[in-house]
Amino acid sequence: MSTKYLFAVWRRNRSTVSVKLYPHGTGKYTIHKPNGSTIALKEYFWWNAYLYENAIYPLLVLGKDSIEQYDADIQVSWWWLKGHSDSIKLWFARGVITMDPAIRATLKPYGLLKRD
């Protein structure tokens, strides 16, 4: 992985999500769980396809090819999966816009830049 990345932390109630988004990647999205284990993002939401698709929705809006353009290391705490999915979605949207401001016009109509 590249050493340059964007970093953000989101907190809501007792849930905390910190994300490192790497701009030049291979589509590897890794979750670091509170118990110290590591799992792929898709496997983290294995039982609920909606939460997985919600988390990567900004990348899906940009096209399926964009999913493979980034890597992310995601640290989660607590066990509030819906909150994790929403936080990851927001950070992917904001992180991609930080890397390329022209994408803002594409994501804004979908409401992906708002916290709630």
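Two residues are said to be in side-chain contact when any heavy atoms from C-beta on lie closer than 4.5 Å; T30 and L41 fail this criterion. For the pair P34 and V76, the minimum side-chain heavy-atom distance is below 4.5 Å. At least one side-chain heavy atom of V96 sits under 4.5 Å from a side-chain heavy atom of L62. With a 4.5 Å cut-off on side-chain heavy atoms, L81 and N48 do not count as touching. Side-chain contact check for M99 versus L6: some heavy-atom pair is nearer than 4.5 Å. For the pair D73/V19, no side-chain contact is recorded, criterion being any heavy-atom separation below 4.5 Å from C-beta on.
Annotation: side chain to side chain donor-acceptor pair (under 3.5 Å) contacts involving residues 32-41, sequence neighbours excluded, comprise H32-T38, N35-S37. The side chain to side chain donor-acceptor pair (under 3.5 Å) pairs that include a residue from residues 55-65 number zero, where partners must be two or more places apart or lie in different chains. Contacts classified as side chain to side chain donor-acceptor pair (under 3.5 Å) and involving residues 98-111 (residues at least two apart or in different chains) are not found.
In this structure, CG on L21 lies 8.5 Å from CD1 on I74, to the nearest 0.5 angstrom. Separation of atoms OG1 (T26) and OH (Y70) is listed at 13.5 Å; rounding is to 0.5 Å. Atoms OH and NE2, on Y5 and H24 in that order, are 15.5 Å from each other to the nearest 0.5 Å.
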Exercise answer: donor-acceptor pairs, residues 49-56 side-chain atoms, under 3.5 Å, sequence neighbours excluded:
unit_1 : atom_1 : unit_2 : atom_2 : d
N54    : OD1    : K89    : NZ     : 3.2
N54    : ND2    : S85    : OG     : 2.8
N54    : ND2    : D86    : OD1    : 2.8

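Considering all non-hydrogen atoms of both residues, S18 and V9 come closest at CB-CG2, 3.8 Å.
Listed for the S66 side chain is a donor-acceptor partner under 3.5 Å among the backbone atoms of G63. One N or O on the side chain of D71 and one on the backbone of G27 form a donor-acceptor pair closer than 3.5 Å.
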| request: Applying side-chain hydrogen bond (donor to acceptor under 3.5 Å, both in side chains), run through H84 and Y44 and close with a yes or a no. | output: CA-CA 10 Å; H84 293 169; Y44 185 65; 2.8 Å; yes
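Taking A8 as the reference, W10, W91 meet the side chain to side chain contact (heavy atoms under 4.5 Å, CB included) condition, with sequence neighbours excluded. Not counting sequence neighbours, the partners of Y29 by the ring-ring contact (aromatic ring centres under 6.0 Å, His included) test are F92.
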